[in-house]
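Computation of the quantities below employed the complete heavy-atom set of this structure, encompassing side-chain atoms and omitting hydrogens, waters and symmetry-equivalent molecules. If you're wondering where the values come from, they're calculated on a predicted model, not measured in any experiment. So you know, we letter chains A, B, ... as the sequences are listed, proteins then strands, and number each from 1.
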There are 2 protein chains.
Amino acid sequence: MKSLTIGQLAHEVGINPESIRFYEAQNLVPEPPRSLAGYRMYPLSAVLRIRFIKRAQELGFSLKEIKELLSLAEDRTTDCADVRELAQAKVAEISQKIQTLEAMKRALTVLAETCPGTGPAVNCSILESISSDEARHEN
Amino acid sequence: MKSLTIGQLAHEVGINPESIRFYEAQNLVPEPPRSLAGYRMYPLSAVLRIRFIKRAQELGFSLKEIKELLSLAEDRTTDCADVRELAQAKVAEISQKIQTLEAMKRALTVLAETCPGTGPAVNCSILESISSDEARHEN
DNA sequence: CTAAACCCCGTAGTTATCTACAGGGTCAAG
DNA sequence: CTTGACCCTGTAGATAACTACGGGGTTTAG
């Protein structure tokens, strides 16, 4: 067995065939050769490519960024620094998101703690606080 | 001046009129009375309501959740505990997101540090690692 | 030989949160 | 009384990353 149908490939990597076609349409996966009947016949290397995509997604890269990573990976003249730059930019972006979430969490935790936890909500401190706080950006 | 046109209200809270109509369509803001010409005429309290929405968004609530918060806030029989529960659930959700992001950040940081930072990317450790790592979920 | 399970293409729908038109009416200033 | 800034409705587009569907052909197991 030298090649895989789209279904076999999808099964192998744990996504569904439609997603693979979608990746193809987005130029993340090259168009594979076709069988006589027009079926996509994937080389085994396609498994690696899709795993790369999935792993990069887990690391927080968007498909657009993954496309960039893939073309860097394919270009023999790419310098490591280019790749590292993308990685570092993504780290910075993730850090920023974390900061924002931490700020939201702190603010909400304070609210939840202030709430008496029982009694009519008419004077619930959470609702009051949401109503009246002028955006205290802690980030 | 007892009421505001949609443009005045929008200006007052710093969003644009289209968003207010959108909130109305989503039942986050009640339909206001209309002028003879059919213009929306908002009571001053609409300012508070939209500020509530904005503040809750900053705290990480989705519009759907905000709708829930608003109806809790309006229902005189609501108990504080119901509100606190929503807040705590949101704190948990945010914590989870933070954890995921922390894991992504750690993994990516390791990659970026391992990368020599120069030289051909053919054997760039980042690309290699993305290719071969079997999803090491650290979360 | 037939029925299930697969594949094809193209288009449309999903979720969230708006934003942008198009094609009209209205109001205030000069 | 005209011009520009506003308002109306309804529909479509933006973004991400798929998912579903309709209406077909193909392959394979029994």
Might you work through the side chain to side chain contact (heavy atoms under 4.5 Å, CB included) test for B/Tyr42 and B/Val29, ending with a clear yes or no?
-> CA-CA 10 Å; B/Tyr42 291 94; B/Val29 169; 4.2 Å; yes

Taking CG from A/Leu9 and P from C/dC8, how many angstroms apart are they, rounded to a whole number?
-> 11 Å

According to a 4.5 Å side-chain heavy-atom criterion applied to Ile, Leu, Val, Met, Phe, Trp and Tyr, with indirect links allowed, do A/Met104 and A/Val110 form part of one hydrophobic cluster?
-> no

Would you please name every residue forming a side-chain hydrogen bond (donor to acceptor under 3.5 Å, both in side chains) with B/Ser62, sequence neighbours left out?
-> B/Glu65

Sequence-distant partners of B/Val47, side chain to side chain contact (heavy atoms under 4.5 Å, CB included), two or more places apart | B/Leu4, B/Leu9, B/Glu12, B/Val13, B/Arg51

Residues two or more places apart in sequence or in another chain: which of them pass side chain to side chain contact (heavy atoms under 4.5 Å, CB included) with B/Ile98?
-> A/Ile98, A/Leu101, A/Glu102, A/Lys105, B/Ile94, B/Glu102

Which residues satisfy the salt bridge (charged side-chain N to carboxylate O under 4.0 Å, His left out) test with A/Glu93, sequence neighbours excluded?
-> A/Lys90

In chain order, what residues pass the side chain to side chain contact (heavy atoms under 4.5 Å, CB included) check against B/Glu68, with sequence neighbours excluded?
-> B/Leu86

Using a 4.0 Å heavy-atom cut-off, write out nucleotides 25-30 of chain D from 5' to 3' as B (base contacted by protein), S (sugar-phosphate only) or - (no contact).
-> BBS---

Rounded to whole angstroms, how far apart are NZ on A/Lys54 and P on D/dA17?
-> 15 Å

Value in whole Å for how far the P atom of C/dC6 lies from CE of A/Met41 = 15 Å

Which residues, ordered by chain and number, are linked to B/Met41 in its hydrophobic cluster, where ILVMFWY side chains connect at heavy-atom gaps below 4.5 Å, directly or through other members?
-> B/Tyr39

Let me have a per-nucleotide readout for nucleotides 10-23 of chain C, 5' to 3', with B, S or -, counting only protein heavy atoms under 4.0 Å.
-> -------BBSBB--

Rounded (10°) bend between the five-pair end axes of the helix from C/dC1-D/dG30 to C/dG30-D/dC1 | 20°

Just grab all the salt bridge (Lys or Arg N to Asp or Glu O under 4.0 Å) pairs involving residues 32-45 of chain A, residues at least two apart or on different chains.
-> A/Glu24-A/Arg40

Find the distance A/Lys67:NZ to D/dT15:C1' and express it as a whole number of Å.
-> 14 Å

When rounded to whole Å, the CD1 to C1' distance for the pair A/Ile6 and D/dT19 reads 14 Å

State whether B/Arg34 places a side-chain N or O below 4.0 Å from either non-bridging phosphate oxygen (OP1 or OP2) of C/dG25.
-> no

With B/Arg49, which residues qualify under side chain to side chain contact (heavy atoms under 4.5 Å, CB included), at least two apart?
-> B/Pro30, B/Leu70, B/Glu74

Integer-rounded Å distance: C/dC6 P and A/Tyr42 OH | 16 Å

Atom CG of B/Leu4 and atom P of D/dC7 are separated, to the nearest Å, by 11 Å

Nearest whole angstrom, please: distance from the P of C/dA5 to the NE2 of A/His11.
-> 15 Å

Counting only side-chain N and O atoms of B/Arg40, is one of them less than 4.0 Å from OP1 or OP2 of D/dC7?
-> no

Partners passing side-chain hydrogen bond (donor to acceptor under 3.5 Å, both in side chains) against B/Gln26 (at least two apart in sequence or in another chain) = none

